[in-house]
Amino acid sequence: MKIIAREIPPRAAWALEQAGVHPLLARLYAARGIRAKEELDDALARLLPPDTLKGAREAATLLADAIAQDKRLAIVADYDCDGATACAVGVRGLKLLGARHVQYLVPDRVVDGYGLTASIARRVAQQGADVLITVDNGIASVEGVAEAKALGLAVLVTDHHLPGPQLPAADAIVNPNQPGCGFESKSMAGVGVMFYVLMQLRAELRARGRFDQASQPRLEPLLPLVALGTVADVVRLDNNNRRLVAQGLKRMRAGQMQPGIQALFDAAGRKAQAATTFDFGFALGPRINAAGRLADMTLGIECLLTDDDARAAELARQLDAINRERRELEGGMREQALLLAESLFDESEEPPPAISVFDPDFHEGVVGIVASRLKDKLHRPSFVFATSGAPGREHELKGSGRSIAGFHLRDALDLVAKRHPGVILKFGGHAMAAGCTVAAEHFAAFEQAFAQVAQEWLDAATLTRRLETDGPLAPEYCRAELVDQLHREVWGQGFAPPTFSEEVQVLSQRLVGEARNHLSLKLLHQGRPVDAIWFGHTEQLPERALLAFRLDVNEWRGERRVQFLVEGVQL
């Protein structure tokens, strides 16, 4: 591992500090591209205008007409947290704006696969819908949209994924990544796109005289859902996304959120009044995602839709139980996947440039998480495959991949598909996460072809794990109240949480935890003693070590003390 300190533009840091930003925060913000205090303004008025999002006006017209004609609307969601929150935002928002008939349908990960398929379009039509709305999917659903149109449905696609070579023939498409869209924020999650459609719809209804500025329905209560889905989908937190998340966080901390979100905080043993983006990514998001991985995402969506506290609590308990099952399943799969990966190279060798593993006992709902763990452990683009559980598809393998910086996973799959026609049956995704289906007999061909692309695209520098940090931490900033302030800020993908690095003296170290798999440390940091812990690591450190660490507060018998959470070491 190579620990590298981020560059801190001195002029930007100075300008922020002069504008009244705390010196430490000024340094952190400047290193993340913030140049002026105005960029930190998270007021709703500073959100990018919805009418600058291509297709939003057409979508608003379509929906406003449908509401005026009392048509039946059906939302087709995705089975992850972004899809579930986008669905909940769509159902709640459309009803707020006057739609009387709003239903939803979420595909089954195993049986239906991803996106709007032709069979799902037929199911929507059979349920009597007039308008089909996709959330967090649809941009690649050429056949599904064509089937829906053939059945007489109007179709609105709202998505954020990268489009393929052909766009679906929908009545309206809202996606910041579609060709010709000049919207500044290309990183919105699916839930953010749906929220923007609702904002534009409200403006359209206002223009039609349904209500005025004073009497219009308030969409702000939906922002906790938008914040949760945005962070859980690990999209880049650009200025616009950070504003959406900040607004959602403020409402949660004030106790203003859907009963389901409060119930998820309770189930996770966390306090909503001290909500952080960490809670979204590591506590609430995984509990919703677990439903889509191992059960039925309807559970997650219903938890976010109900206004009954008791029902929300019961659904949150069910989601918590499913998440515990997911963790157990993942643990076994992770160990087996690592054994399979390590069998690909000798202990004295570097891992191959890309990793692909398959085991007939793997569960397809958890392969993405295991691929992520494999990627983190070996710092290689990694694919994990499981046998498809769909009826009649037992000869197919469903794979999920995670990548490292500098290797565009979807583009790599595209190249494999072009070089080896027939090996990949279908694929899609992003730069850092993607999925594909291959015939079981072609797994070895895929493994070899994928590794070949990685061999060509990756060099030694990219294959070296790099940990970017914010450099040394001045001792005067090791205060519990300042750590609390850091935790309240909006951090996430593309706006990394503060991580510091410097050489420290290791005074003592011991293994702790039930499995004795965490390293507890006492360090000397710039002449001051400080406790630290390195979760999931057992390797002893030398007397002096260059550590990368985050800050946390440990409470013991009423005393709050700063501790370091070790992220890595450069030996």
Within a strict 4.5 Å, meaning less than it, do heavy atoms of the [X] and [Y] side chains meet?
X: Leu198; Y: Leu63; value: no
X: Gln256; Y: Pro221; value: no
X: Leu167; Y: Pro179; value: yes
X: Leu304; Y: Gln258; value: no
X: Arg488; Y: Asp484; value: yes
X: Asp51; Y: Gln200; value: yes
X: Gln247; Y: Leu47; value: no
X: Glu147; Y: Ser119; value: no

Any Lys/Arg nitrogen of [X] or [Y] sitting under 4.0 Å from an Asp/Glu carboxylate oxygen of the other?
X: Glu567; Y: Arg550; answer: yes
X: Arg109; Y: Asp80; answer: no
X: Arg324; Y: Asp320; answer: yes

Donor-acceptor pair, distance only, cut-off 3.5 Å: does the side chain of [X] make one with the backbone of [Y]?
X: Arg72; Y: Val102; answer: no
X: Arg287; Y: Ala316; answer: no
X: Glu364; Y: Gly389; answer: yes
X: Arg253; Y: Ala275; answer: yes
X: Asp136; Y: Asp159; answer: no
X: Asn137; Y: Val76; answer: yes
X: His430; Y: Met432; answer: no
X: Thr85; Y: Asp82; answer: yes
X: Thr437; Y: Lys398; answer: no
X: His487; Y: Leu551; answer: yes

Taking everything shown except [X] itself, do over 12 heavy atoms lie less than 6.0 Å from its [atom1]?
X: Gln127; atom1: CD; result: yes
X: Gln103; atom1: CD; result: yes
X: Arg32; atom1: CZ; result: yes
X: Lys426; atom1: NZ; result: no

Which heavy atom in [X] sits nearest to a heavy atom in [Y], and how many Å separate them?
X: Thr117; Y: Asp112; result: CG2-O, 3.8 Å
X: Tyr104; Y: Glu302; result: OH-OE2, 2.7 Å
X: Asp233; Y: Ala189; result: CB-CB, 4.4 Å
X: Phe407; Y: Pro381; result: CD2-CG, 3.6 Å
X: Ala64; Y: Leu205; result: CB-CD2, 3.8 Å
X: Ile173; Y: Pro168; result: CD1-O, 3.5 Å

Starting at [atom1] of [X], measure out to [atom2] of [Y] and round the result to the nearest 0.5 Å.
X: Thr276; Y: Met252; atom1: OG1; atom2: CE; answer: 10.5 Å
X: Leu201; Y: Leu94; atom1: CG; atom2: CG; answer: 6.5 Å
X: Leu565; Y: Asp552; atom1: CG; atom2: CG; answer: 4.5 Å
X: Met188; Y: Arg236; atom1: CE; atom2: CZ; answer: 12.5 Å
X: Ile133; Y: Thr158; atom1: CD1; atom2: OG1; answer: 8.0 Å
X: Leu244; Y: Leu249; atom1: CG; atom2: CG; answer: 11.5 Å

Between [X] and [Y], does any side-chain donor sit less than 3.5 Å from a side-chain acceptor?
X: Thr306; Y: Asp308; answer: no
X: Asn239; Y: Arg242; answer: yes
X: Asn177; Y: His161; answer: no
X: Ser185; Y: Asp238; answer: yes
X: Glu489; Y: Gln485; answer: no
X: Arg122; Y: Gln126; answer: no
X: Gln273; Y: Lys271; answer: no

Can you list everything that forms a side chain to side chain contact (heavy atoms under 4.5 Å, CB included) with Glu468? Sequence neighbours excluded, please. Arg6
What verdict does the salt bridge (charged side-chain N to carboxylate O under 4.0 Å, His left out) test give for Glu314 and Arg317, after you've listed the backbone C-alpha separation in whole Å, the side-chain angles of each residue and the deciding distance to 0.1 Å? CA-CA 5 Å; Glu314 173 55 32; Arg317 281 192 291 270; 3.1 Å; yes
What pairs meet the ring pair (Phe, Tyr, Trp, His ring centres under 6.0 Å) rule with one or both residues in residues 174-233, with sequence neighbours excluded?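 Those involving residues 174-233 are Phe183-Tyr196.
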Verdict with supporting geometry, Val106 and Cys87, side-chain contact (heavy atoms from CB on, under 4.5 Å): CA-CA 9 Å; Val106 59; Cys87 183; over 6 Å; no
Evaluation steps, side-chain contact (heavy atoms from CB on, under 4.5 Å), between Leu329 and Arg293: CA-CA 11 Å; Leu329 182 62; Arg293 295 185 188 282; over 6 Å; no
From the options Val193, Val191, Ile139, select the one residue that forms a side-chain contact (heavy atoms from CB on, under 4.5 Å) with His160.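 By the side-chain contact (heavy atoms from CB on, under 4.5 Å) criterion, His160 pairs with just one of Val193, Val191, Ile139: Val193.
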Would you please test Asp307 and Arg92 for salt bridge (charged side-chain N to carboxylate O under 4.0 Å, His left out) and show each step? CA-CA 11 Å; Asp307 290 318; Arg92 285 180 174 275; 3.0 Å; yes
Determine, step by step, whether Lys149 and Asp171 satisfy the side-chain contact (heavy atoms from CB on, under 4.5 Å) criterion, reporting the C-alpha distance in whole Å, the side-chain angles of both residues, the deciding distance to 0.1 Å, and the verdict. CA-CA 9 Å; Lys149 293 294 295 176; Asp171 294 271; 2.7 Å; yes
Derivation of the side-chain contact (heavy atoms from CB on, under 4.5 Å) call for Asn289 and Ile369: CA-CA 11 Å; Asn289 277 327; Ile369 303 176; over 6 Å; no
Applying salt bridge (charged side-chain N to carboxylate O under 4.0 Å, His left out), run through Asp41 and Lys37 and close with a yes or a no. CA-CA 7 Å; Asp41 184 354; Lys37 189 177 180 181; over 6 Å; no
